[in-house]
Protein chains: 2
Amino acid sequence: MSEIQRPGALYQQVAAAIREAILSGEFEPDALLPSEAQLMARYGVSRPTVRNAIAALRAEGLIDVRHGKGSYVRTSQQPALTLERRITCTTDGTFVMPNGDAWDEAEQPSTYRTRTTTGTGRLLQLGAEEALFGCDRLLIDPSSGTRAMHRTLIPFTTAEGIPLLTEEPSTRPAEIYGLLTQDGQKLTWSETVRARMPLPDERTTLRLPDATPVLHLARVTHGTDGRSLILEELRTGADRAELAYRITADKQPTRRTRA
Amino acid sequence: MSEIQRPGALYQQVAAAIREAILSGEFEPDALLPSEAQLMARYGVSRPTVRNAIAALRAEGLIDVRHGKGSYVRTSQQPALTLERRITCTTDGTFVMPNGDAWDEAEQPSTYRTRTTTGTGRLLQLGAEEALFGCDRLLIDPSSGTRAMHRTLIPFTTAEGIPLLTEEPSTRPAEIYGLLTQDGQKLTWSETVRARMPLPDERTTLRLPDATPVLHLARVTHGTDGRSLILEELRTGADRAELAYRITADKQPTRRTRA
DNA sequence: AGACGTCACTTGTCCTTACGAGTGATGACT
DNA sequence: AGTCATCACTCGTAAGGACAAGTGACGTCT
């Protein structure tokens, strides 16, 4: 019957008490919290109030609830998968960006034709309703089991120069880059990182727990003339994955920096 | 009285119906949804069921609810702030990473002494409980009003070489980098990007709406010998901000790439 | 005209009750 | 011994009622 007071609603007081107990280490990671009935007795409140408090903690990603079992303190896990972006500038001016990610494909890629939306059009520097080739993949990292949704979008204008693309649209991205550089094009990248809550279909296909955002990575590749050639999107759960940009220079860097 | 069926729980059916109405454009962005009473009548369910459905849509970030007013379709806004990371490798080997972000400081920086946690220790390649100088700032982007929490962590071993740091720990990061490179050190960076749900104090200080993740950016700067010199962390709401890495090369890039 | 109280509407909080459904242990039956 | 029904515990869903609190409009009083 530990009494609680102060900040606003009852369920928030209960949530704050439990949260504090978790963060202070009173409940270890993976520990089983008291059941709803026990919390009702402990704080002298009704079941909806307890459930409301628990819902708040779920939304914060602090706990996981299993039907028939109870509430568990979520292990604030280190990410199981680091998407490495190594960017090196060597003395001879060579520019390397290897990417060690080795995904497996969980399904057959599905290819289709579509048109730009406001979002993809902005990234590709195209107007609305421009024709695109699309290819969706479901990727799995074999070592950690992390899933990711991958999408390749190629404007018709890019594909026209590369007959192979229209014939075999499911060509793997790595091979596409080989095709694009065949004619001596120099490529540059622009990677945009965003995070948001998943839509229901993303929750299921990515097998995301509660309160887990998705990392949304969009990579646009430009040719020598600055034209946008291809857009790749990768969506994956932010609970298991992180992005790491490793920036190395052999020469003394010149920079103004802040934050 | 549009009847609904199928997928599992009643409140999920209601939520699915409303979600579909929103995504199909039946309700425009910023539109006012029917009130709880109207939804009760429309679907023939009780108020807890309606509220449960609405809670699900809030958790998805699809709607915003204002006390005394109603539920509004959230405008899927383009980010108001893009944190630019320009990485250029020129022919003469110069390596530039300017950063155009111009934050204002909302408060006086607060400096303190602390110790490494498992997270910060891992990033700084230090053990647990190593002594650190810390400095926290609350930043505001003047054009968009976007807020960010900034933290600088400097190991004692780094600070020892730079007397100015211990005397005036609130030195701005840009100046710190100037001090670090005084002795001809060549710096490299490693930036790690993660996303997660905010803690309550982050929700309030960053003024985050419902179901808004935080982008968590950690930048570790290394000296010539590979030692970790300084750790900067930036936390900001993922609803208004995005990260953009623009990678340019003057020479033909060599790379193996995939996703 | 202006200030202010009231009212109708909204969502927020809290309670009670009831039953459905997943989980694991216990114990009885074969 | 092994199989399986039962039970007690967990959380999930759904309904009902009641009152608090924020919002804005309407109407009355000064």
Side-chain angles (χ1 to χ4, degrees), chain A residues 1 3-18 22 27 30-74 200 203-204 209-211, chain B residues 1 3-18 22 27 30-74 200 203-204 209-211:
Chain A
M1 196 71 67
E3 287 302 324
I4 40 188
Q5 282 305 332
R6 283 299 113 85
L10 242 187
Y11 79 93
Q12 286 175 339
Q13 299 174 28
V14 175
I18 301 174
I22 292 175
F27 296 111
D30 272 331
L32 182 61
L33 289 180
S35 71
E36 295 179 357
Q38 290 170 322
L39 292 173
M40 288 166 65
R42 159 120 63 138
Y43 298 109
V45 296
S46 71
R47 186 152 174 241
T49 302
V50 167
R51 285 185 63 80
N52 214 342
I54 288 180
L57 299 176
R58 290 177 68 161
E60 294 171 24
L62 265 182
I63 63 175
D64 280 311
V65 181
R66 271 180 275 177
H67 189 177
K69 303 289 289 297
S71 303
Y72 296 83
V73 179
R74 185 180 285 187
R203 279 209 50 173
T204 55
D210 279 343
Chain B
M1 197 75 67
E3 286 304 322
I4 38 188
Q5 282 303 332
R6 283 298 108 87
L10 242 187
Y11 80 92
Q12 286 174 339
Q13 299 174 28
V14 174
I18 301 174
I22 293 175
F27 296 111
D30 272 330
L32 182 61
L33 289 181
S35 71
E36 294 179 358
Q38 290 170 322
L39 292 173
M40 288 167 66
R42 158 119 64 139
Y43 297 110
V45 297
S46 70
R47 188 159 172 233
T49 302
V50 167
R51 285 185 63 80
N52 213 342
I54 288 180
L57 298 175
R58 290 176 68 161
E60 295 172 22
L62 265 182
I63 64 176
D64 280 311
V65 181
R66 270 181 276 177
H67 189 177
K69 302 288 292 297
S71 304
Y72 295 83
V73 179
R74 184 180 287 187
R203 280 210 49 174
T204 56
D210 279 342

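Taking each heavy atom of B:A15 and B:A53 in turn, the nearest pair found is N-CB, 3.7 Å. A:P209 approaches A:D64 most closely through the heavy-atom pair CB-OD1, 4.3 Å. Among all heavy-atom pairs drawn from B:R42 and B:P34, the shortest one is NH2-CG, 3.5 Å.
Scored by the salt bridge (Lys or Arg N to Asp or Glu O under 4.0 Å) test, B:E60 finds B:R19 as partners (sequence neighbours excluded). Applying the side-chain contact (heavy atoms from CB on, under 4.5 Å) test to B:N52 and every residue at least two apart in sequence or in another chain returns B:Y11. Applying the side-chain contact (heavy atoms from CB on, under 4.5 Å) test to A:P48 and every residue at least two apart in sequence or in another chain returns A:S46. In this view, A:D210 and A:R58, A:R203 satisfy the salt bridge (Lys or Arg N to Asp or Glu O under 4.0 Å) rule, not counting sequence neighbours. When the side-chain hydrogen bond (donor to acceptor under 3.5 Å, both in side chains) test is applied to A:S71, no partner is found at least two apart in sequence or on another chain. A:R66 is linked by a salt bridge (Lys or Arg N to Asp or Glu O under 4.0 Å) to nothing, counting only residues two or more places apart in sequence or in another chain.
Applying the salt bridge (Lys or Arg N to Asp or Glu O under 4.0 Å) test to pairs two or more places apart or on separate chains, those with a residue in residues 44-56 of chain B are B:E36-B:R47, B:E36-B:R51.
Rounded to whole Å, the distance from CD on B:Q38 to C1' on C:dA8 is 14 Å. When rounded to the nearest whole Å, the span between OH of A:Y11 and P of C:dG12 equals 9 Å.
An end-to-end axis angle of 10° holds for the helix from C:dA1-D:dT30 to C:dT30-D:dA1, taken from five base pairs per end and rounded to 10°.
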*Quick one: do B:I54 and B:L33 satisfy side chain to side chain contact (heavy atoms under 4.5 Å, CB included)? Show the steps, please.*
CA-CA 10 Å; B:I54 288 180; B:L33 289 181; over 6 Å; no

*Go through A:Y43 and A:V50 one step at a time and tell me if the side chain to side chain contact (heavy atoms under 4.5 Å, CB included) criterion holds.*
CA-CA 9 Å; A:Y43 298 109; A:V50 167; 5.8 Å; no

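You can see that DNA chain D meets the heavy atoms of chain A within a 4.0 Å-exclusive cut from D:dT10 to D:dT13, reading 5' to 3'.
Residues B:L39 and B:V14 form no side-chain contact, since every pair of their non-hydrogen atoms from C-beta on lies 4.5 Å or further apart.
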*Scan nucleotides 15-22 of chain C nucleotide by nucleotide, 5' to 3', and note B when protein non-hydrogen atoms come under 4.0 Å of the base, S if they reach only the sugar-phosphate, - if neither.*
BB-B-BBB

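Using a 4.0 Å cut-off on heavy atoms, none of the residues of residues 51-65 of chain A approach DNA chain C.
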